[in-house]
K.L.:
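Structure below; questions to follow.
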Amino acid sequence: MKVLIVGSGGREHALAWKIRQSPRVDTLFCAPGNAGTATLGTNLPIPAEDVEGLANFATREDIDLTVVGPEAPLVAGIVDVFRQRGLRIFGPTRQAAEIEGSKIYAKSLMQRFHIPTAQSALFSTPEEARAFLPRCTYPVVVKADGLAAGKGAIICRNEGEATEAIEQMMVKRIFGKAGERILIEEFLPGEEASVFALTDGTHLLPLPSAQDHKAVYDQDRGPNTGGMGAYSPAPLVERTGPEKIRQQILEPAVAALAQEGRPYTGVLYAGLMIQQQEPKVLEFNARFGDPEAQVLLVRLEDDLIPALEATIDGTLDQIRLRWRKEAAVCVVMASQGYPGPYEKGKEIQGLEAVAEMEDVVVFHAGTALREGKVVTSGGRVLGVTALGETIAAAIERAYTAVKQIWWEGVHYRTDIGQKALRG
Ligand code: AMP
Ligand code: GLY
């Protein structure tokens, strides 16, 4: 079969790597892809947000299955467009993806269906939002309603910081339309964890636990990024109880969306804050996490294609997936300056040596080919992913590989996975 993967990050390289191993797949395209996906299939010069362009390509090439990595095309309705044209595609519809695309919609759904989450108030004007601040207990979290590339939640320690966050989002409009409406939310103490499940709208197939590290520097210092590394399994989720999370959060969310006439098909990702084993939802996402997908997919023993198809066909109850017992760790290597401005075009050295290592896969994110050489072309550049008997062993193997890779200005955290060892 012919498969098209939409996106260009480490998550999409990991999807391409896994899907390429399926005996059923003979042709793979990636739009737009990166230097890593180029080794597995054909990269297309079509941006992930060009829904019409992608649908035209899929129609013309008779693509059997399209798999969408990032949120932007999902929220823009790529699944609806493909379905209208009779094309098979993995991901939620525009209305179902609103669970990620609008934090206000997600919050309202959680409140109406009693899914545990932080208390929160909604504002459509800066005046109303500012007037609310003297009544708050600090810290609070100010959140833009729409997509803001992972930067739309600002933790404010006092009224001054909250006033500034409101100014940035609603007056200066740093996130454009995404900040037209905001939530001001109770700050939840605790530890963060992520859970993922495939769902066909009715049935739920939870995936193993995984956790990312959002802050750019060691010890969770510095600004948040898309994720500087990840590990799986996540002891915090295991301790809290995957079954409890399924019953309190994942099942009610899937049922709520179905009841609202927005049945959800695809990967449902819940970002949780857990305190004393009680999970509350910080956010839902409509896709795999990046870099969580990297650590999940290297642990998957079975073919991914039947699970993706069953998700589309509503037959997920017939799928069982087997996972490797080993732990996986992914260390993201980034450009100096990320998540702020950074330089591109730096030649990456050491990839050949690491390619020889057993149980290590280097997933590309912001990379490109220039005159036959792999160069940096984004903020997050590589996700060096390793398996090990334990998380400690996987950490050691991942960093052994990381130390062999270099480019001018490379930055990575040195403590990926340590959170898991602390228990
Ligand atoms: P979100 O985009 O809603 O996931 O928020 C991004 C990050 O902000 C989360 O990963 C948390 O670290 C933090 N955050 C968001 N909401 C809250 C909250 N209510 N309490 C504490 N931290 C939060
Ligand atoms: N790693 C966080 C995310 O994918 O949103």
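Both ligands and their constituent atoms are indexed starting at 1 by order of listing. What you are looking at is a predicted structure, and each value in this text was computed from that prediction instead of being measured.
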K.L.:
Which ligand 1 atoms, with their elements, are less than 4.0 angstrom from a heavy-atom of Met273?
P.N.:
21 (C), 22 (N)

K.L.:
Tell me: protein heavy atom nearest atom 8 (O) of ligand 1, and distance?
P.N.:
Ala153 CB, 3.9 Å

K.L.:
To the nearest 0.5 angstrom, please state how far the OG1 atom of Thr367 sits from the CG atom of Leu382.
P.N.:
7.0 Å

K.L.:
Is the closest heavy atom of Lys103 to ligand 1 under 4.0 Å?
P.N.:
yes

K.L.:
Would you kindly specify which portion of Glu186 sits under 4.0 Å from ligand 1, judged on non-hydrogen atoms: side chain, backbone, both or neither?
P.N.:
backbone

K.L.:
What are the atoms of ligand 1, with element, lying closer than 4.0 Å to any heavy atom of Phe187?
P.N.:
20 (N), 21 (C), 22 (N)

K.L.:
Could you list which atoms of ligand 1 come closer than 4.0 Å to a heavy atom of Leu282?
P.N.:
3 (O), 9 (C), 11 (C), 16 (N), 17 (C), 18 (C), 19 (N), 23 (C)

K.L.:
For the OG1 atom of Thr311 and the CD1 atom of Ile319, what is their distance to the nearest 0.5 Å?
P.N.:
7.5 Å

K.L.:
Can you say whether the rings of Tyr412 and Tyr399 are parallel (under 30°), tilted (30 to 60°) or perpendicular (over 60°)?
P.N.:
tilted

K.L.:
Has ligand 2 got any nitrogen or oxygen that is less than 3.5 angstrom from a nitrogen or oxygen of Gly226?
P.N.:
yes

K.L.:
Donor-acceptor pair, distance only, cut-off 3.5 Å: does the side chain of Asp145 make one with the backbone of Lys103?
P.N.:
yes

K.L.:
Number the atoms of ligand 2 from 1 as they appear, then name those within less than 4.0 Å of a heavy atom of Gly289, with their elements.
P.N.:
4 (O)

K.L.:
Just by modelled atom types, is the Val381 backbone N or O under 3.5 Å from a matching donor or acceptor in the Thr376 side chain?
P.N.:
no

K.L.:
Could you tell me, atom by atom, which parts of ligand 2 come under 4.0 Å of a heavy atom of Arg287?
P.N.:
3 (C), 4 (O), 5 (O)

K.L.:
Could you tell me how the ring of Tyr217 sits relative to the ring of His411: parallel (under 30°), tilted (30 to 60°) or perpendicular (over 60°)?
P.N.:
perpendicular

K.L.:
Can you tell me the protein heavy atom closest to atom 13 (C) of ligand 1 and the distance?
P.N.:
Ile155 CD1, 4.1 Å

K.L.:
Does any N or O of ligand 1 fall below 3.5 Å from an N or O anywhere on Glu185, backbone included?
P.N.:
yes

K.L.:
Rounded to the nearest 0.5 Å, how far apart are CD1 of Ile305 and CD of Gln21?
P.N.:
11.0 Å

K.L.:
Taking Leu421 as the fixed residue, which of Asp415, Ile395, Thr390 is the one that meets the side-chain contact (heavy atoms from CB on, under 4.5 Å) rule?
P.N.:
Ile395

K.L.:
For Glu192, take its heavy atoms, then give the atoms of ligand 1 lying under 4.0 Å from any of them.
P.N.:
9 (C), 10 (O), 11 (C), 12 (O)

K.L.:
Answer with yes or no whether the side chains of Arg299 and Ser232 bring together a donor and an acceptor at under 3.5 Å.
P.N.:
yes

K.L.:
As an exercise, state the distance from CD1 of Ile89 to CZ of Arg83, rounded to the nearest 0.5 Å.
P.N.:
8.5 Å

K.L.:
Report the part of Val141 in contact with ligand 1, treating N, CA, C, O as backbone and CB onward as side chain, heavy atoms under 4.0 Å; options are side chain, backbone, both, neither.
P.N.:
side chain

K.L.:
Taking 4.0 angstrom as the limit and counting only heavy atoms of Asp212, give me the atoms of ligand 2 inside it, by number and element.
P.N.:
1 (N), 2 (C)

K.L.:
Looking only at protein heavy atoms, identify the closest one to atom 7 (C) of ligand 1 and say how far it is in Å.
P.N.:
Asn224 ND2, 3.9 Å

K.L.:
If you measure every N or O of Glu283 against every N or O of ligand 2, does any of those distances drop under 3.5 Å?
P.N.:
no

K.L.:
Any nitrogen or oxygen of Arg11, main chain or side chain, under 3.5 Å from a nitrogen or oxygen of ligand 2?
P.N.:
no

K.L.:
Show me which atoms of ligand 2 lie under 4.0 Å from any heavy atom of Glu292.
P.N.:
1 (N), 2 (C), 4 (O)

K.L.:
Can you tell me the protein heavy atom closest to atom 3 (O) of ligand 1 and the distance?
P.N.:
Lys143 NZ, 2.9 Å

K.L.:
Which ligand 2 atoms are under 4.0 Å away from a heavy-atom of Tyr269?
P.N.:
2 (C), 3 (C), 4 (O), 5 (O)

K.L.:
When you compare the side chains of Tyr269 and Glu71, does any donor N or O come within less than 3.5 Å of an acceptor on the partner?
P.N.:
no

K.L.:
What about Leu188: any of its N or O atoms under 3.5 Å from an N or O on ligand 1?
P.N.:
yes

K.L.:
Could you go through Glu191 and Met273, starting from their C-alpha distance and side-chain angles, then the distance that decides it, and tell me whether this counts as side-chain contact (heavy atoms from CB on, under 4.5 Å)?
P.N.:
CA-CA 5 Å; Glu191 259 196 276; Met273 188 65 86; 5.5 Å; no

K.L.:
Side chains of Lys107 and Thr117 only: does a donor on one sit below 3.5 Å from an acceptor on the other?
P.N.:
yes

K.L.:
If you count the atoms of ligand 1 from 1 in the order shown, which ones are under 4.0 Å from a heavy atom of Lys214?
P.N.:
10 (O)

